[in-house]
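Here the structure is laid out as structure tokens; the discussion comes afterwards.
If you're wondering where the values come from, they're calculated on a predicted model, not measured in any experiment. Note on naming: letters A, B, ... go to the chains in the order of the sequence lines (proteins, then strands), and numbering restarts at 1 for each one.
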Amino acid sequence: MKNLYIFIAVLFIPWSFSLAKYDEFEDGDDIMEYDDNDFAEFEDVSEDTVTESPQRIITTEDDEEEATVELEGQDENQEDFDDADTQEGDTESEPYDDEEFEGYEEKPDASHSKNKDPITIVNVPAHLQNSWESYYMEILMVTGLLAYIMNYIIGKNKNNRLAHAWFNTHRELLESNFALVGDDGTNKEATSTGKLNQENEHIYNLWCSGRVCCEGMLIQLKFLKRQDLLNVLARMMRPASDQVQIKVTMNDEDMDTYVFAVGTRKALVRLQKEMQDLSEFCSDKPKSGAKYGLPDSLAILSEMGEVTEGMMDAKMIHFLTHYADKIDSVQFSDQFSGPKLMQEEGQLTKLPETKKTLLFTFNVPGSGNISPKDMESLLPLMSMVIYSIDKAKKFRLNREGKQKADKNRARVEENFLKLTHVQRQEAAQSRREEKKRAEKERIMNEEDPEKQRRLEEAALRREQKKLEKKQMKMKQIKVKAM
Amino acid sequence: RTAWRSPFPPARYKPPATETNPALEDPTPDYMNLLGMVFSMCGLMLKLKWCAWIAVYCSFISFANSRSSEDTKQMMSSFMLSISAVVMSYLQNPQPMSPPW
């Protein structure tokens, strides 16, 4: 009992220390109201007193910012304190003021329990400490989000500046070659907007038309996704370039029938697999262009040798050699229908629509680390495009070439028809069955029995006629065969 | 030099029909939208804070990659859902998030 009183008295010292410090605490207050922070001030509580009540362990931390407190069994002690509080609170706290505590660090009761259980320093889990430092994961997350937003703004602006730098460089050349520069399709009249269409934060379009021989030219500036931080990080692993893609749609009468492509070997291999027309008409592997003086990096895919001969004139070779680092692929095709459509077997009943097209894909050198000034280096490529338009109009196959080309196209169509023959048959069959069913339904729905009978007879007669016709045909074929 | 000028009125721009060529479209914004919604539902139902935070990131990424023709309503709704997942997780459990290691 005496020990208990001593213990309680000792515990009261730091407690009333807190009372003296914090004015808002009143003596009569229930201890239950005080949370862990108060006990955090008890840095100088004797370690020995801990052993008196093994359920309540008070320890100190090195930095002395907070005391870590284990709360097991505290409730029981609270009840003890309640009793003690009412009895001794007032009398005990008065004699203890600040001065009394100066020597308290020396722990007068240290001798009490040297040979008791060792102190276990327990780390209070983070969620019991109520300081903002424990929220470091959240702060990390918010910082990440802020970084993402910053990157979005910076990337968006950079792409914007690059696009406008490109346009400013090329504007003069375009306006001197096309009547309509810039159109978004929404105006009633065909007037030049003189502006790029922004499709995305990284894709800009420009439509030019109003020139002889070509229906129009669509320029797509496909920049890297600088506004997406994930993409920026991915590009650090795998470098990529900004691309300028130019698609010139030719008028039907202004281009002869041929399929031809030149570009980097890697690009051509990929295009041969992906593009419908290249895969059907250019069956050979990309050939080296060294014969014509092209650098090794470029290769040629062509429908026939005559086309290559015709395309590779001096000026074209000059363009290709000088700007080989910027050229990804150049494709001239009268059967252009875009990439192969992944359709199921049963759905393919018609050949995709084709259009006479010249397709140019240019890479902006620098693998993404470019400044707006670098866009000027693409200007000669636009001259090449315009030259190619004129050339495509002028180039005509000779008689032999034309025959070969026509044969090729007929062959491709035939192959396609053969493939889809079964499907078309099935489609026709199902259509016929549908018609029959519809007729039968009509007959069934007729309320008048007289009419019903008559319709049935009519249907029967029709069927008989069809059978007769078929028999006649078979007879004719037999006669012919004989 | 107007030899190049076409006598006919210039052709108008027609936006390419992307419905016929789904392969040409970039699927990233749609995937990220879906992922964001899945994570925010996980975060709300299972009361996992990290799920909710990842959902916020997904909706930001989806927004950054979105096409101009994309519906802003869907973007906003996925964003709001992820923010509400984060807020609800913290209201129910104000303790800080513990790292998985």
Side-chain angles (χ1 to χ4, degrees), chain A residues 125-129 132-138 141 144-145 148-149 151-152 155-156 176-180 182-187 190 192 197-203 205-216 218 225 227-231 249 338-342 352 386 389-390, chain B residues 1-26 28-29 31-32 35 43 49-70 79 82-83 86-87 89-90 93-101:
Chain A
H127 65 274
L128 293 173
Q129 303 170 11
W132 60 267
E133 279 182 356
S134 53
Y135 286 89
Y136 67 96
M137 283 296 287
E138 281 76 10
M141 287 291 189
L145 276 178
Y148 193 89
I149 294 173
N151 174 266
Y152 175 80
K156 184 169 88 130
S176 65
N177 274 294
F178 290 92
L180 177 67
D183 183 25
D184 55 5
T186 54
N187 292 343
S192 296
N197 287 348
Q198 184 173 2
E199 203 180 283
N200 239 334
E201 304 299 342
H202 63 282
I203 298 185
N205 286 343
L206 185 70
W207 172 256
C208 305
S209 63
R211 193 178 210 279
V212 290
C213 39
C214 71
E215 193 185 297
L218 180 65
K225 286 190 188 174
Q227 78 275 11
D228 178 17
L229 189 59
L230 275 189
N231 206 285
T249 349
K340 280 196 210 171
L341 295 171
M342 293 295 149
I386 295 180
I389 297 176
D390 292 329
Chain B
R1 216 188 60 186
T2 53
W4 52 266
R5 207 173 267 273
S6 162
F8 305 106
R12 300 303 305 279
Y13 170 65
K14 270 185 301 240
T18 41
E19 294 86 38
T20 55
N21 253 344
L24 284 179
E25 283 181 9
D26 176 26
T28 309
Y31 279 158
M32 281 296 152
L35 218 61
K49 292 196 177 80
W50 56 269
C51 271
W53 280 109
I54 293 178
V56 175
Y57 270 94
C58 282
S59 99
F60 266 89
I61 294 171
S62 167
F63 170 70
N65 281 298
S66 66
R67 304 173 273 273
S68 68
S69 57
E70 195 103 350
F79 183 64
S82 56
I83 295 282
V86 170
V87 168
S89 303
Y90 278 93
N93 191 6
Q95 297 154 8
M97 194 164 63
S98 55
W101 51 85

(message) Please evaluate residues Asp183(A) and Lys14(B) with respect to the criterion salt bridge (charged side-chain N to carboxylate O under 4.0 Å, His left out), reporting the C-alpha separation (whole Å), side-chain torsions for both, the decisive distance (0.1 Å), and the verdict.
(response) CA-CA 9 Å; Asp183(A) 183 25; Lys14(B) 270 185 301 240; over 6 Å; no
(message) What part of Ile149(A) gets within 4.5 angstrom of chain B, counting heavy atoms only: side chain, backbone, both, or neither?
(response) side chain
(request) Please look at Asn197(A) and chain B and tell me whether the side chain, the backbone, both or neither of the residue comes under 4.5 angstrom of a heavy atom of that chain. (result) side chain
(message) I'd like to check the side chain to side chain contact (heavy atoms under 4.5 Å, CB included) partners of Leu145(A); sequence neighbours left out, ordered by chain and number.
(response) Trp53(B), Val56(B), Tyr57(B), Phe60(B)
(request) Against chain B, work out which of Ile203(A), Asp228(A), Leu218(A) has the most heavy-atom pairs shorter than 4.5 Å and name it. (result) Asp228(A)
(message) Holding to side chain to side chain donor-acceptor pair (under 3.5 Å), I want the full list of residues that pass it with Asn187(A), two or more places apart in sequence or in another chain.
(response) none
(message) So, taking the atom named CG in Leu35(B) and the one named OG in Ser82(B), what distance separates them when rounded to the nearest 0.5 Å?
(response) 12.0 Å
(message) For chain A, which candidate among Ala64(B), Pro7(B), Pro94(B) shows the most heavy-atom pairs at distances under 4.5 Å?
(response) Ala64(B)
(message) Using side-chain heavy atoms (C-beta onward) and a distance below 4.5 Å, is Val212(A) in contact with Arg5(B)?
(response) no
(request) Would you mind telling me which of Ala179(A), Ser209(A), Cys213(A) has the largest number of heavy-atom pairs within less than 4.5 Å of chain B? (result) Ser209(A)
(request) Please flag which part of Ser66(B) lies under 4.5 Å from any non-hydrogen atom of chain A: side chain, backbone, both or neither. (result) backbone
(request) Using non-hydrogen atoms and a 4.5 Å limit, figure out which bit of Phe8(B) sits close to chain A: side chain, backbone, both or neither. (result) neither
(message) For Arg12(B), is there an ion pair with Asp184(A) - N to carboxylate O distance below 4.0 angstrom?
(response) no
